[in-house]
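For the single chain, residues carry numbers from 1 onward in sequence order. Quick note: numbers below take in every heavy atom, side chains included, and nothing from hydrogens, waters or symmetry partners.
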Amino acid sequence: MRITAIGAVACLLSSPLFADTVLVEAESFEDHGGWKLDTQFIEIMESPYLLAHGLGVPVADAKTKVKFSKAGEYRAWVRTKDWVARWDAEGTPGRFQVLVGGNPLTPGTKQGTVTDPTGLGQKEKAFGTVGKVWHWQPAGTVKIEAGEVDIALKDLTGFGGRCDAILFTTDADFTPEENSGKAFPKWRQELLGQSDKPESAGDFDIVFIGGGYAGSCGAISAARMGLKVALIQNRGVLGGNGSSEVRVWA
């Protein structure tokens with residue numbers, strides 16, 4: 001049988017069609033710091049994202065360098081959400097900052113600037129404070145010089161800050177696409193310079209989807225029998241619900 005796969009987004013590229021628009025996927029950061037790559041919800045919210053979960057202790061910054069071909073004033077957007085808003089819970093535990101050249105971007109909404117994201121009288125420039133669902137939150141404007149620019153995600157709480165992507169554009173009329181319900185929508189592929197054609201992963205005798213106990217043991221057994229095996233898993237560890245990730249070791 002033949003299987004195909006679309007690789008995870010891990011590029012910091014802009015298409016010639018959008019020469020002044022740069023999309024930065026959080027999972028493509030060179031140094032994740034203390035942030036963790038969460039891939040469980042790709043089919044729901046289009047992409048992996050970085051999660052800051054330090055059990056109440058802010059985690060180390062995620063850092064990367066992004067190359068801008070042109071200097072100018074860029075409008076910024078950050079794809080995130082307030083993860084407790086769906087329950088109408090008080091407080092905003094998943095707060096974080098996005099630093100560009102060491103300076104934090106200014107969170108806003110379609111109605112204006114968020115002056116007190118915590119609701120506690122703290123006027124910090126923080127994301128992860130509004131929105132029950134994933135969305136592109138306006139992040140003000142920033143002057144950027146041509147060349148490499150340092151970008152960082154700074155966790156403020158250690159309680160589940162979430163960042164999917166950051167977008168910069170000099171186009172005053174450009175608005176990022178919201179969730180279309182389709183993984184890796186066409187506009188995202190264009191911005192990242194990716195092909196919409198799947199890349200062949202080769203020919204295999206048997207393919208196991210999922211690296212839980214059944215998939216892992218089946219793949220090992222098949223390989224021992226001399227079969228050419230592919231094991232596809234969307235997590236960083238094997239074992240599924242019986243893994244170190246969920247505190248249930250084999």
Side-chain angles (χ1 to χ4, degrees), residues 8-33 35 37 45-52 61-81 95-114 117 124-131 134-156 161-180 184-194:
V9 178
C11 301
L12 302 180
L13 300 175
S14 59
S15 162
L17 294 176
F18 303 99
D20 300 323
T21 299
V22 179
L23 175 64
V24 183
E25 297 279 15
E27 66 267 25
S28 66
F29 271 47
E30 298 166 357
D31 179 4
H32 288 178
W35 294 67
L37 179 66
M45 46 79 60
E46 302 177 3
S47 173
Y49 62 91
L50 290 187
L51 172 68
D61 295 355
K63 301 177 181 178
T64 196
K65 292 182 181 293
V66 177
K67 187 174 182 179
F68 288 81
S69 60
K70 294 183 179 180
E73 185 169 272
Y74 286 77
R75 294 174 64 211
W77 304 75
V78 177
R79 194 160 192 259
T80 182
K81 69 175 180 176
R95 303 192 306 279
F96 66 95
Q97 292 180 323
V98 179
L99 308 179
V100 179
N103 299 312
L105 294 177
T106 302
T109 66
K110 293 181 179 179
Q111 288 72 40
T113 301
V114 177
E124 60 189 12
K125 294 181 178 180
F127 294 91
T129 64
V130 294
W134 286 95
H135 68 288
W136 286 103
Q137 184 175 353
T141 60
V142 58
K143 290 184 178 180
I144 295 177
E145 299 296 329
E148 288 190 339
V149 175
D150 292 321
I151 296 180
L153 302 179
K154 184 176 185 64
D155 177 31
L156 298 175
R162 290 160 164 81
C163 183
D164 172 33
I166 308 163
L167 187 140
F168 301 90
T169 181
T170 56
D171 184 352
D173 297 323
F174 183 86
T175 301
E177 292 279 354
E178 290 294 354
N179 194 324
S180 65
F184 305 107
K186 186 174 179 58
W187 78 271
R188 212 163 186 170
Q189 291 177 330
E190 290 176 344
L191 285 174
L192 293 166
Q194 296 179 330

Please determine whether the number of non-hydrogen atoms from other residues, nucleotides or ligands lying under 6.0 Å from atom CD of Glu148 exceeds 12. yes
Evaluate the side-chain proximity of [Y] to [X]: yes if any heavy-atom separation is below 4.5 Å, no if none is.
X      : Y      : value
Trp134 : Arg79  : yes
Val98  : Lys125 : no
Val149 : Val100 : yes
Val78  : Phe96  : yes
Phe168 : Phe68  : yes
Trp136 : Thr175 : no
Thr80  : Asp164 : no
Arg75  : Trp77  : yes

From [X] atom [atom1] to [Y] atom [atom2], the distance as rounded to the nearest 0.5 Å:
X      : Y      : atom1 : atom2 : result
Asp155 : Leu51  : CG    : CG    : 9.0 Å
Lys81  : His135 : NZ    : NE2   : 11.0 Å
Glu27  : His32  : CD    : NE2   : 7.5 Å
Leu105 : Tyr74  : CG    : OH    : 14.0 Å
Leu50  : Leu37  : CG    : CG    : 6.0 Å
Gln97  : Cys163 : CD    : SG    : 12.5 Å

Under 4.0 Å between a side-chain nitrogen and a carboxylate oxygen: does that hold for Asp150 and Lys65? yes
Provide the closest heavy-atom pair for [X] versus [Y] in the form atom of the first, atom of the second, distance.
X      : Y      : value
Ala146 : Ala71  : N-CB, 3.6 Å
Leu23  : Ala165 : CD1-CB, 4.1 Å
Pro107 : Ala126 : CG-O, 3.1 Å
Leu167 : Phe174 : CD2-CE2, 3.7 Å

Using atom types as modelled and distance alone, determine if a side-chain donor or acceptor of Asp31 lies under 3.5 Å from a backbone N or O of Gly33. yes
Verdict with supporting geometry, Lys70 and Asp20, salt bridge (Lys or Arg N to Asp or Glu O under 4.0 Å): CA-CA 7 Å; Lys70 294 183 179 180; Asp20 300 323; 3.7 Å; yes
